[in-house]
Amino acid sequence: MVERNDTEASIRTNFLPFALPSIDEEEIAEVVDSLRSGWITTGPKVKRFEADFAQYVGCDHAIAVSSCTAALHIALAALGIGPGDEVIVPTLTFCSTANVVVHLGAKPVLVDVGSDFNVRSDDMERAITPRTRAIVPVHFSGQACDLTTIYEVARQYHLAVVADAAHAIGTEYEGLKLGDAYFTQKCGLKKHAVCFSFYATKNMTTGEGGMIATSDDDLAERMRLLSLHGMSRDAWKRYTGSGSWYYEILAAGYKDNMTDVQAALGIHQLKKLDGFIATRARYAKIYSQAFALLPEIATPQVTPGHRHAWHLYVIQLNLDQIQIDRAQFIQDLRVRNIGTSVHFIPVHLHPYYQETFGYRRGDFKEAEKLYDRMVSLPLYPGMTEDDVHDVIRAVEDVVGLNRR
Ligand SMILES: Cc1ncc(COP(=O)(O)O)c(C=O)c1O
């Protein structure tokens, strides 16, 4: 039991989790329909979800898979990335962005990020060697990276781009969704895939799940093949009236397909996504207006002109203005019944990456500075506006008690 004094206890009586999915009766009914239909693995609902998603994003092909990690892995594998190759990845990301490169026997080359948490084209360009095959921009928190300059680097050095858009379903760059076919074509990108996550905390969820968007026909075909054992096209149809028992294995593929039970959730979540993002954006604005009055807190930097999907709301503590560190700040919010998280422990600070690739603290100054000060606050459509104000009051209380 955490001990709480009267002021702390007065902010909230029940715990506000850091994240919760918004699942309604439509999703539940659709899942039940899948269960009753007998199609519980990949089937017609996955096809429908892929078509809906492709239309939403504006891409030619959407391939549903079991996670964003699987999506990144399949995309890089389909591009032929393997031993001897290097793939450039920002250090401020979830481990799987880099892990998948290791799975393929290639080397993840980590780079720093800017003060808005996103990777910069010049840092990527400096890390390019003759072995570099692909770059992986991560659209951190749902804010698009500076794609014009990043795509220019990719084009100039003939590199593939596999975007990690785990946070960025619904994000727009120059008015177009990430993965939009027109934008890719305009930028002259040849090999390009965008990977999304439907993990439980994401802007829309299928429990676990992911999607790869591309407008490259050959790459799409290869990724689809790899996502289900390397089986010849439409293998799932072999269980329908029009299908046959026969299939051929054309590549040593993976078992990364999405199920109809997951797609049943996704079909309805996608319809609500824009509404979810609007609520997230509204709550983010309330936070930013309130925290602008606190010199101890820096609010997230937003690049105007693009649609932020507001997957995360990440504040930074001005540590020279308060007497506690980030760990104590998180604990003090916990005592006030507010859940938080940290996104992310930079990849180069993890023991595996230090021991295997020789990375050390000090290698990426900006990511480390951000990491030491960052806290992700609750931000999801299932919160009420009162919840948002509870978070603000709790932050104000902790900051007020610890001013230098
Ligand atoms: C930036 C980033 N990339 C990739 C992933 C992996 O997503 P998934 O859990 O769908 O595999 C996550 C998950 O949190 C993430 O935050």
Side-chain angles (χ1 to χ4, degrees), residues 17-21 49 53 62-77 87-104 108 110-111 113-114 116-119 134-145 150 161-171 178-179 193-213 223 227 254-259 262-263 265-266 269-270 273 280 300 308-314 340-350 353 367 370-371 374 376 379-380:
F18 168 67
L20 276 179
F49 183 36
F53 197 88
I63 300 158
V65 290
S66 53
S67 68
C68 184
T69 305
L72 293 162
H73 186 220
I74 290 168
L76 291 169
V87 176
I88 298 175
V89 173
T91 190
L92 193 70
T93 185
F94 186 58
C95 61
S96 66
T97 323
N99 284 351
V100 293
V101 179
V102 179
H103 296 164
L104 291 166
L110 302 176
V111 294
V113 294
D116 64 351
F117 310 112
N118 270 338
V119 65
I135 56 178
V136 185
V138 175
H139 301 290
F140 188 96
S141 77
Q143 172 154 257
C145 296
I150 289 175
V161 179
V162 175
D164 181 337
H167 301 180
I169 312 174
T171 297
L178 300 180
V194 184
C195 302
F196 299 93
S197 173
F198 306 128
Y199 179 66
T201 59
K202 296 297 189 283
N203 282 17
M204 56 169 280
T205 186
T206 59
E208 298 278 0
M211 191 74 82
I212 322 173
M223 293 192 296
S227 70
Y254 310 105
K255 177 72 166 110
D256 284 338
N257 53 311
M258 178 180 274
T259 69
Q262 291 168 303
L265 290 167
Q269 289 273 294
L270 184 62
L273 177 64
R280 287 173 175 273
H308 195 318
W310 286 110
H311 169 54
L312 297 174
Y313 188 89
V314 181
T340 56
S341 191
V342 174
H343 297 86
F344 295 95
I345 303 167
V347 175
H348 75 282
L349 297 184
H350 288 297
Y353 284 90
L370 294 170
Y371 167 58
M374 66 191 347
S376 303
L379 181 73
Y380 47 98

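Every number for a ligand or one of its atoms is a count from 1 in the order of the listing.
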Look only at interatomic distance and state if Ser197 has a nitrogen or oxygen under 3.5 Å from any nitrogen or oxygen of ligand 1. yes

Side-chain heavy atoms of Phe49 within contact of Phe198, under 4.5 Å: yes

Using a 3.5 Å cut-off on N or O atoms only, is Lys202 in polar contact with ligand 1? yes

Which of these, Leu92, Thr69, Val138, Val347, sits in a side-chain contact (heavy atoms from CB on, under 4.5 Å) with Thr97? Val138

Number the atoms of ligand 1 from 1 as they appear, then name those within less than 4.0 Å of a heavy atom of Phe344, with their elements. 16 (O)

To which of Val100, Leu72, Leu312, Asp164 does the heavy atom nearest atom 3 (N) of ligand 1 belong? Asp164

May I ask you to list the atoms of ligand 1 that are less than 4.0 angstrom from any heavy atom of Ser96? 4 (C), 5 (C), 6 (C)

Purely on distance, is any nitrogen or oxygen of Phe198 under 3.5 Å from one on ligand 1? no

Does Thr91 use its side chain to pair, donor to acceptor, with the backbone of His348 at less than 3.5 Å? yes

Within the 4.0 Å heavy-atom shell around Gly209, which atoms of ligand 1 are there? 10 (O)

After noting the C-alpha distance and the side-chain angles of Phe117 and His308, does the key distance pass the ring-ring contact (aromatic ring centres under 6.0 Å, His included) rule? CA-CA 13 Å; Phe117 310 112; His308 195 318; 9.6 Å; no

Taking everything shown except Phe18 itself, do over 12 heavy atoms lie less than 6.0 Å from its CZ? yes

Which one of Val89, Val119, Thr93 satisfies the side-chain contact (heavy atoms from CB on, under 4.5 Å) criterion with Val136? Val89

Check ligand 1 against Ala166 and write out every atom of the ligand that is under 4.0 Å from a heavy-atom position of the residue. 2 (C), 3 (N), 4 (C), 5 (C), 12 (C), 15 (C)

In terms of heavy-atom contacts, Met211 and Val65 come closest through N-CG2, 4.1 Å

Would one find an N or O of Tyr199, backbone or side chain, under 3.5 Å from an N or O of ligand 1? no

Donor + acceptor pair across side chains of Thr171, His139 (<3.5 Å): no

Would you confirm whether Arg280, through its side chain, and Leu379, through its main-chain N or O, come within 3.5 Å as a donor-acceptor pair? yes

Show the atoms of ligand 1 that are less than 4.0 angstrom away from any heavy atom in Ser67. 10 (O), 11 (O)

Non-hydrogen atom of Gly210 closer than 4.0 Å to ligand 1: no

Enumerate the atoms of ligand 1 whose separation from the nearest heavy atom of Thr93 is less than 4.0 angstrom. 1 (C)

Looking at Thr97, which atoms of ligand 1 are within less than 4.0 Å of one of its heavy atoms? 3 (N)

Would you give the length of the straight line joining atom OG1 of Thr206 to atom CG of Leu270, rounded to the nearest 0.5 angstrom? 11.5 Å

Counting only heavy atoms, which portion of Cys68 has something under 4.0 Å from ligand 1: side chain, backbone, both, or neither? both

Residue, atom and distance of the protein heavy atom nearest atom 12 (C) of ligand 1 read Phe94 CD2, 3.7 Å

Decide whether an N or O pair under 3.5 Å exists between Thr69 and ligand 1. yes

Does any non-hydrogen side-chain atom of Gln262 lie less than 4.5 Å from one of Glu208? yes

Give me the residue, atom name and distance of the protein heavy atom closest to atom 16 (O) of ligand 1. His167 NE2, 2.8 Å

